Number of protein chains: 2
Amino acid sequence: MTMSNTGGRRRPPTIHDVAREAGVSRGTVSRVLNGGHYVSPAAEEAVNAAIRKTGYVVNRHARSLITGRSDSVGFLLTEPQERFFEDPNFNVLLRGCTQALAAHDVPLLLMLAGTKDERRRITRYITAGHVDGVLLVSSHSGDPVAEELRAAGVPLVACGKPIGLGSKVSYVAADDRDGAREMVRHLLSLGRRRVGMVTGPLDTPGGVERLAGYKEELAEAGVAFDERLVVSGDYSRASGEAGAERLLAQAPDVDAVFVASDLMAQGVLATLQRAGRRVPEDVAVGGFDDSPAAVAAGPQLTTIRQPWDRISAEMVRVLLAQIGGEDPAAVILPTELVRRDSA
Amino acid sequence: MTMSNTGGRRRPPTIHDVAREAGVSRGTVSRVLNGGHYVSPAAEEAVNAAIRKTGYVVNRHARSLITGRSDSVGFLLTEPQERFFEDPNFNVLLRGCTQALAAHDVPLLLMLAGTKDERRRITRYITAGHVDGVLLVSSHSGDPVAEELRAAGVPLVACGKPIGLGSKVSYVAADDRDGAREMVRHLLSLGRRRVGMVTGPLDTPGGVERLAGYKEELAEAGVAFDERLVVSGDYSRASGEAGAERLLAQAPDVDAVFVASDLMAQGVLATLQRAGRRVPEDVAVGGFDDSPAAVAAGPQLTTIRQPWDRISAEMVRVLLAQIGGEDPAAVILPTELVRRDSA
DNA sequence: CATGCTTCTGTGAGCGTTCACAGTAGAGAA
DNA sequence: TTCTCTACTGTGAACGCTCACAGAAGCATG
């Protein structure tokens with residue numbers, strides 16, 4: 001592309017101007033800018049005054065040219081984007097990451113790898129060093145882009161445990177298993193014993209973990225596992241409706257359902273309503289996510305809140321640490337039971 | 001912040017490496033890279049081969065340092081962000097802009113100006129020339145950040161007509177007035193004569209325009225304007241519910257309602273349902289936006305689709321043109337009536 | 001007085017590009 | 001021939017910064 005400089009703007013002040021204004025050398029200004037060790041209080045003050053007076057802002061391009069880093073990170077979305085952009089959790093995540101990065105003065109580049117072509121371009125862009133690291137929102141399947149980035153040694157932090165990327169990729173995730181256990185424990189504490197589950201997709205760690213938590217908690221409570229009480233879904237509302245239908249058919253005596261997402265739970269509520277079951281009197285329903293869907297319609301959903309604000313903050317923290325040379329890390333954050341009307 | 005280079009990555013090839021590989025000079029490689037005028041076919045081919053062989057990617061920092069442009073643009077959100085991030089239209093817009101820019105190989109920086117502090121930091125960042133231009137999603141009120149950017153001569157394209165920024169700011173907007181007229185025309189064509197309206201906030205151009213379109217179309221059809229048929233809202237679902245209640249109280253004989261947003265229309269549907277009015281038999285309802293809310297519940301909403309994909313594409317086109325030196329421009333895009341069940 | 005150490009400061013080099021300019025070769029015209 | 005013009009190519013300088021190094025000043029120690 002070609003971009004010519006527009007007329008209106010005049011040359012911004014350089015480090016040289018600041019140095020002259022402060023009566024010191026470029027080196028001293030640079031030292032004040034970065035860390036400020038080995039500079040006298042008098043010089044530091046003079047430089048800061050000069051910066052204020054001139055309105056100096058460091059030229060990141062010049063800095064990056066010599067340091068070899070860009071002081072920016074990418075936010076990479078490798079899945080079909082509709083799904084994520086419509087997910088409120090994703091929005092919270094994106095917003096949280098942007099703000100956390102802003103606090104460190106690190107710009108965030110939004111990268112959408114939809115088509116094969118985009119994927120290639122973005123991979124080159126990243127491996128060329130135009131960003132220092134990548135916040136990755138992938139899911140399901142092993143992701144070729146992520147794999148390539150990992151192989152190229154690009155600092156990478158995934159949201160949720162990535163599949164098939166080896167253990168050397170950092171990730172931040174909610175404690176799906178523990179969250180599921182907490183919800184099941186809650187349902188059991190209400191006296192329910194025929195607790196069903198609509199799972200998420202079982203090719204995702206989240207889906208697997210939530211099911212595992214369900215089983216564990218039942219086992220611990222001494223409630224026998226009954227596979228007729230478990231049906232699988234894909235997190236969509238429609239799959240919640242269908243799942244509830246199967247569940248009612250397979251186990252008509254179900255008196256509680258743990259649903260692996262709020263969106264599916266909406267579908268479950270609809271099906272239960274159609275079937276004439278009252279919620280929570282006949283069937284208690286517990287969701288997962290605490291998304292806006294949880295309070296959108298019907299009885300307000302009792303659910304498990306994923307700490308998206310903390311997740312984004314941790315992703316940024318881990319990524320910056322890794323860019324700073326630290327080793328990859330996995331962070332699991334606790335979830336929280338939100339009691340509403342459905343259970 | 002401090003970021004030290006991580007071990008894994010080795011030095012990427014430079015233009016020098018390519019030049020050596022191709023047996024030409026840096027200048028020739030540079031010419032091939034940018035436009036390719038005045039370079040012999042043989043040289044061009046050799047350079048391209050060398051680029052492929054070495055895996056060369058231009059160092060944007062070095063380029064930016066000398067050209068003075070960053071070849072990147074900012075996507076600036078100056079309003080309380082929750083509102084926008086939960087708006088599906090906003091998501092389409094963000095996605096569309098990112099993709100349109102990607103096609104030009106221009107990275108998009110996401111900038112959220114929530115707090116006063118962020119606002120100041122972002123303003124400095126932009127005016128320092130770290131982005132070549134800004135895609136602005138503001139709304140309502142005159143925006144101090146936008147005003148400052150305009151004054152600094154930063155290329156700027158707003159989404160929707162901005163208020164109080166003078167005429168020298170580019171913007172891209174849907175044709176609110178014409179869209180409103182089309183909907184009202186549709187309602188009239190169904191034989192309805194007591195057509196009410198729930199307006200959007202009247203301190204926004206969109207709100208004003210939709211109301212104006214409503215009035216114009218009524219006038220053209222020779223239907224007398226009745227102010228009891230008009231109540232105002234703020235685009236939220238709750239204000240739709242409240243608005244419909246007022247409407248029913250003021251004008252019980254209302255037989256159609258044009259609602260200025262789908263979200264409000266959902267509220268209107270709920271109120272009508274509670275009041276025992278059937279939709280569309282007793283009262284026809286027309287929305288605006290064609291957001292997912294339009295098909296979320298109740299009768300599927302007849303609505304006006306705003307061409308968000310085209311809006312984002314046009315915003316990018318206008319911005320890049322302006323960065324290239326062209327004058328600011330206003331683009332108004334046509335809307336489209338989407339017929340569903342509610343009217 | 002020399003020596004060393006610490007704290008502070010200035011200077012030159014260089015990061016990887018683009019740009020302006022100078023220069024070359026070949027073709028065609030005078 | 002000689003001159004001009006076009007098509008192409010190479011070269012040095014510059015962009016604004018950081019980094020390594022050299023050096024100065026102050027102070028304590030030998």
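Lettering follows sequence order; numbering is per chain, from 1. Just so it is clear, the model here is predicted, and its values are computed rather than measured.
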| Spacing of A/E45 atom CD relative to C/dC8 atom P, expressed in whole Å | 15 Å
| query | Between B/S70 and B/H130, is there a donor-acceptor pair closer than 3.5 Å when you use the side chain of the first and the backbone of the second? | reply | yes
| query | Checking B/R26 side chain against B/I15 main chain: does a donor-acceptor pair fall under 3.5 Å? | reply | no
| request: Could you tell me whether a side-chain N or O of A/D132 sits under 3.5 Å from a main-chain N or O of A/D71, the two making a donor and an acceptor? | output: yes
| So among A/V172, A/L101, A/L77, which one has a side-chain contact (heavy atoms from CB on, under 4.5 Å) with A/L135? | A/L101
| field | Result of checking B/I122, B/V169, B/V134 against B/L149 for side-chain contact (heavy atoms from CB on, under 4.5 Å) | value | B/V134
| message | Generate the contact string for nucleotides 9-21 of chain D. Rules: B means base contact, S means sugar-phosphate contact only, - means no protein heavy atom under 4.0 Å. | response | BBBBBBBBBB---
